[in-house]
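One structure is given here, and the rest of the page talks about it.
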There are 2 protein chains.
Amino acid sequence: MPLEIKPSQALRLWRQVHLDLVRDGQADLSARQTAILLTIYLELPPHTVRGLAAQLGVTKPVITRALDTMGKLGLVSRKRDDFDRRNVVIQRTVAGALAVERLADLVVERAREMGGG
Amino acid sequence: MPLEIKPSQALRLWRQVHLDLVRDGQADLSARQTAILLTIYLELPPHTVRGLAAQLGVTKPVITRALDTMGKLGLVSRKRDDFDRRNVVIQRTVAGALAVERLADLVVERAREMGGG
DNA sequence: CCCGATCGTTACGGGTCCGTATCATTAGCC
DNA sequence: GGCTAATGATACGGACCCGTAACGATCGGG
C-alpha cells in the first residue's frame with residue numbers, strides 16, 4: 001500500500017512545508033541536522049555519536065556539533081553510558097518530541113491541501 | 001482529491017529524504033535556501049530579491065546571500081532588469097532545474113516505499 | 001599492569017550566515 | 001535640475017559549521 005504522489009505534488013509539498021518552517025521563525029535546521037533529529041526520534045534507541053555518524057555518512061565532529069546546537073535549543077540531550085563510559089547516549093526531550101510532532105502535523109496538513117496534479 | 005498521508009508516514013518520508021540528501025553529499029541547503037530555490041522554480045517569474053524576501057518573511061540581505069551561495073553552486077543566476085535597472089531578475093539554470101527534478105524524483109520514490117502506517 | 005583500540009570531544013584555519021545599518025544606483029515626479 | 005522613494009548590495013561584529021588532526025578518557029586483552 002505505497003504512498004502515491006506525483007513529482008509536481010512532491011515539489012509543491014516540499015516548498016510549502018519549508019516556507020512554513022521559515023516563516024514560523026523556527027530554528028533554521030540544515031538538512032544534516034534534520035536528518036539527525038528525525039533519526040533520534042524515529043529509530044530505536046540507544047543512539048550514539050558513532051552510530052549517527054555512520055548512518056548519515058559524515059564524520060563524528062559533525063554529529064558532536066549538531067548535538068551541541070540542538071542541545072542548546074533543547075531538542076536533544078546527552079548522557080554518559082554507565083556500562084561503557086566511553087559512550088554517550090543521545091536522549092530525547094519533551095521539547096524535541098513536540099517539535100517533531102509539529103513537523104509531522106505540518107506535513108500532513110500541507111499534503112491534505114495539495115490538489116491533484 | 002487531497003493527498004492522504006499519516007503523521008508517522010510523513011516523518012519517515014521526511015527523514016529518509018533528508019538522509020538521502022545528506023548521503024549524496026549534495027550541498028547542505030538550509031530550510032531558507034530550500035524555500036528560496038523551490039519558490040524560484042515553482043512560482044511564475046519574474047522573481048526579485050524584494051519579492052522573495054516578502055514571501056519568506058525575511059530581510060533582503062538573507063536573499064542576497066542565499067543567491068550568492070546558490071549562484072556559486074550554479075543553481076540560479078541574476079540579471080539586471082533592463083526596464084527598471086534597480087531590479088534584479090533571478091533566473092533559473094539548467095543545473096538548478098536538474099537539482100529540483102532530482103529532489104522531486106527522490107521524494108516520489110521514497111514515498112512509494114513508505115508502507116502503510 | 002600496559003598497551004593498543006575505541007569512544008566522544010576539542011583545536012585549528014577557513015568559510016558561511018545572521019541581523020542591523022548603511023550604501024550606491026535608479027526611477028519618477030515636480 | 002533637484003528631491004524623494006525604492007531597489008539590491010555591502011560593511012560590520014558575532015555566531016555557527018566545515019574537514020582534518022589531535023586529544024583525554026575508557027575499555028579490554030595479553
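Keep in mind that what you see is a predicted model, and the values were worked out from it rather than measured.
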Length of the [atom1]-[atom2] vector between [X] and [N], whole Å:
X      : N       : atom1 : atom2 : value
R86(B) : dT26(C) : CZ    : P     : 11 Å
D82(B) : dA27(C) : CG    : P     : 10 Å
H47(B) : dT7(D)  : NE2   : C1'   : 18 Å
L29(A) : dC16(D) : CG    : P     : 14 Å
I36(B) : dC18(C) : CD1   : C1'   : 13 Å
L52(B) : dA9(D)  : CG    : P     : 11 Å
L67(B) : dG8(D)  : CG    : P     : 10 Å
N87(A) : dA25(D) : CG    : C1'   : 12 Å

Nearest to side-chain heavy atoms of [X], which nucleotide of [options]:
X      : options                  : value
D84(B) : dC18(C), dG8(D), dT26(C) : dT26(C)
V62(B) : dG19(C), dT9(C), dC7(C)  : dG19(C)
R80(A) : dG8(C), dT26(D), dC18(D) : dG8(C)
T69(A) : dT9(C), dC17(D), dA21(C) : dC17(D)

Most 5' of D81(B) and G51(A) on DNA chain C, judged by nearest nucleotide: G51(A)
Position toward the 5' end of DNA chain C (nearest nucleotide), D68(B) or P61(B): D68(B)
Can you find a pair of side-chain heavy atoms, one from [X] and one from [Y], that are under 4.5 Å apart?
X      : Y      : result
R78(B) : Q91(B) : no
D84(B) : N87(B) : yes
D28(A) : V62(B) : no

Classify R50(A) by what it touches in the nucleic acid, base, sugar-phosphate, or nothing, heavy-atom distance under 4.0 Å. sugar-phosphate
So S30(A), base contact, sugar-phosphate only, or nothing? Heavy-atom distance under 4.0 Å. nothing
Counting only side-chain N and O atoms of [X], is one of them less than 4.0 Å from OP1 or OP2 of [N]?
X      : N       : result
T64(B) : dA9(D)  : yes
T48(B) : dG8(D)  : yes
R78(B) : dA9(D)  : yes
R85(B) : dA9(D)  : no
K60(B) : dT20(C) : no
R32(B) : dC18(C) : yes
Q33(B) : dC17(C) : yes
T59(B) : dC18(C) : no

With the threshold set at 4.0 Å, does a side-chain nitrogen-carboxylate oxygen contact exist between E113(B) and R110(B)? yes
Ion pair check, D20(A) and R15(A), cut-off under 4.0 Å: no
No-H, no-angle donor-acceptor pair, R65(A) side chain to dG19(D) base, under 3.5 Å: yes
How close do L75(B) and A95(B) get, counting heavy atoms only, and between which atoms? CD2-O, 4.2 Å
Could you pick out which residue, I63(B) or F83(A), lies toward the 5' side of DNA chain D when each is mapped onto its nearest nucleotide? I63(B)
